Amino acid sequence: MNPGSLRGVLDVSNATWALSESSLLQPMWDYLQQNHESTLRSPLFPVILSVSMYLVLVFFYTVLDLLAPTWPSIRRYQIHQDRTVTWSNIGSTLALTTYNHLLYIFPAAVAQWLWRPPVPLPREAPTLSAFLLGIVGCTVVFDFQYYLWHLLHHRVAWLYRTFHALHHQYRQTFSLVTQYLSAWELFSVGFWTTVDPLLLQCHCLTAWAFMLFNIWVSTEDHCGYDFPWAMHRLVPFGLWGGALRHDAHHQQPGTNFAPFFAHWDWLGGTATMPAPVKTKTRKERDEKDA
């Protein structure tokens, strides 16, 4: 085969791959636009989407927390097996979450809905590679932003006392601690989650997917469980922080500041490895409960 023919085969192959890749998300995007365009264009949609995702996740983990004391198959995955999440813990964290959303988040969303015109939707869906790379890019940028923000709010006593100390009232994490935050911290996280896809010029479908991914991994970081399918077990080479490292941050607040990856804490000398989880035997659990 001469070089010209080989080049033609490669060009056709690349064109076929690009065409097939671009068409993977297009049917779903066409369906959403044809059936839910007015909803997707509303400035309220990202807020409702993110709040719904968060409530589904915390409901799942809270059910596990309530079942764990009597279900050894769940308790064996708890980071702190001698810790019990009480109804008082659930009530206090849920009350603050509800207060923040009613007083700050929803009024801001409604104001945006009233003053901002509906968002135009692109007709084309992102390619699969642009979709995945956009999520990864936003995650990397957000991780760096929050690492600096988090470090600053621990090193400056006034910032810690005024804004961040509230989150550290719980030394042992559970899912509802994820948004047990001051309004300033909640707005900061929401601002970066919204702005980063714009800075990276992501498709709106990518931006929404990043938002959901951010909520998922943030809740997993605080869930208090070390499941076999957790992100830190799926990402190789110890590059992902995960629930164990973030729980260690609540135990030792001067360590593990990055929300997702581990490299900034390695480079900054703030990384710490949590002690391995010891699964208690049935005899040990019975002695503890006695």
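The shown structure was predicted, so the numbers you read here are calculated from the model rather than taken from an experiment.
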Between G241 and H232, which heavy-atom pair has the shortest distance, and what is it? O-CB, 3.6 Å
Inter-residue atom distance S50.OG - L55.CG, 0.5 Å rounding: 9.5 Å
Any side-chain donor near an acceptor of the partner, H167 and H222, under 3.5 Å: yes
Can you tell me which residue pairs pass the salt bridge (charged side-chain N to carboxylate O under 4.0 Å, His left out) test with a partner in residues 229-256, sequence neighbours excluded? D226-R233
Side chain to side chain contact (heavy atoms under 4.5 Å, CB included) partners for Y160, two or more places apart: H154, H164, A165, H168
Which donor-acceptor pairs under 3.5 Å do side chains of residues 56-66 form with protein atoms, sequence neighbours excluded?
{"residue": "T62", "atom": "OG1", "partner": "V58", "partner atom": "O", "Å": "2.6"}
{"residue": "D65", "atom": "OD1", "partner": "Y225", "partner atom": "OH", "Å": "2.7"}

Under 3.5 Å, is there a donor on one side chain and an acceptor on the other for E185 and Y180? no
Flag the pair W158 / F163 as yes when their ring centroid distance falls below 6.0 Å, and as no otherwise. yes
Give a yes-or-no answer on whether the side chains of W184 and H153 include a donor-acceptor pair shorter than 3.5 Å. yes
Test: ring-ring contact (aromatic ring centres under 6.0 Å, His included). Region: residues 82-105. Which pairs qualify, not counting sequence neighbours? none
Heavy-atom side-chain proximity of L244 to I79 below 4.5 angstrom: yes
Any chance you could pull the hydrophobic cluster mates of V141, using side-chain heavy atoms under 4.5 angstrom and chaining through other members? L200
Does any part of the side chain of L121, heavy atoms only, come nearer than 4.5 Å to the side chain of W29, both counted from C-beta? yes
Would you kindly say whether Q26 and D30 are connected by a side-chain donor-acceptor distance under 3.5 Å? yes
So, using side-chain hydrogen bond (donor to acceptor under 3.5 Å, both in side chains) as the criterion, who are the partners of T270 when residues are at least two apart? D265
Residues at least two apart in sequence or cross-chain that pass side chain to side chain contact (heavy atoms under 4.5 Å, CB included) with T272, listed by chain then number, are A248, Q252, T255, N256
Output a table of donor-acceptor pairs, distance under 3.5 Å, between side-chain atoms of residues 207-217 and any protein atom two or more places apart or on a different chain; print 'none' if there are none.
{"residue": "N214", "atom": "OD1", "partner": "S218", "partner atom": "OG", "Å": "3.1"}
{"residue": "N214", "atom": "ND2", "partner": "T193", "partner atom": "OG1", "Å": "3.4"}

For Y54, which residues count as a side-chain hydrogen bond (donor to acceptor under 3.5 Å, both in side chains) partner, sequence neighbours excluded? none
Are Q33 and R123 packed together at the side-chain level, in the sense that at least one heavy-atom pair is separated by less than 4.5 angstrom? yes
Salt bridge (charged side-chain N to carboxylate O under 4.0 Å, His left out) partners of residues 133-144, not counting sequence neighbours, each pair once: none
Should the pair H246 and H250 be assigned to parallel (<30°), tilted (30 to 60°) or perpendicular (>60°) ring geometry? perpendicular
Kindly indicate whether the side chain of L166, heavy atoms from C-beta on, has any atom under 4.5 Å from the side chain of L181. no
To the nearest 0.5 Å, atom CG of L24 lies from atom CG of L128 at 5.5 Å
Please confirm whether Y147 and F261 have ring centers closer than 6.0 angstrom. no
Do the rings of F142 and Y146 sit parallel, tilted or perpendicular, given the 30° and 60° boundaries? parallel
By side-chain hydrogen bond (donor to acceptor under 3.5 Å, both in side chains), R171 pairs with (sequence neighbours left out) Q251
Distance-only criterion, 3.5 Å: show the donor-acceptor pairs between side-chain atoms of residues 35-42 and protein atoms not counting sequence neighbours.
{"residue": "N35", "atom": "ND2", "partner": "Y31", "partner atom": "O", "Å": "2.8"}
{"residue": "R41", "atom": "NE", "partner": "V119", "partner atom": "O", "Å": "3.0"}
{"residue": "S42", "atom": "OG", "partner": "L44", "partner atom": "N", "Å": "3.1"}

Test item: T93 and N89 side chains (from C-beta on) under 4.5 Å apart, heavy atoms: no
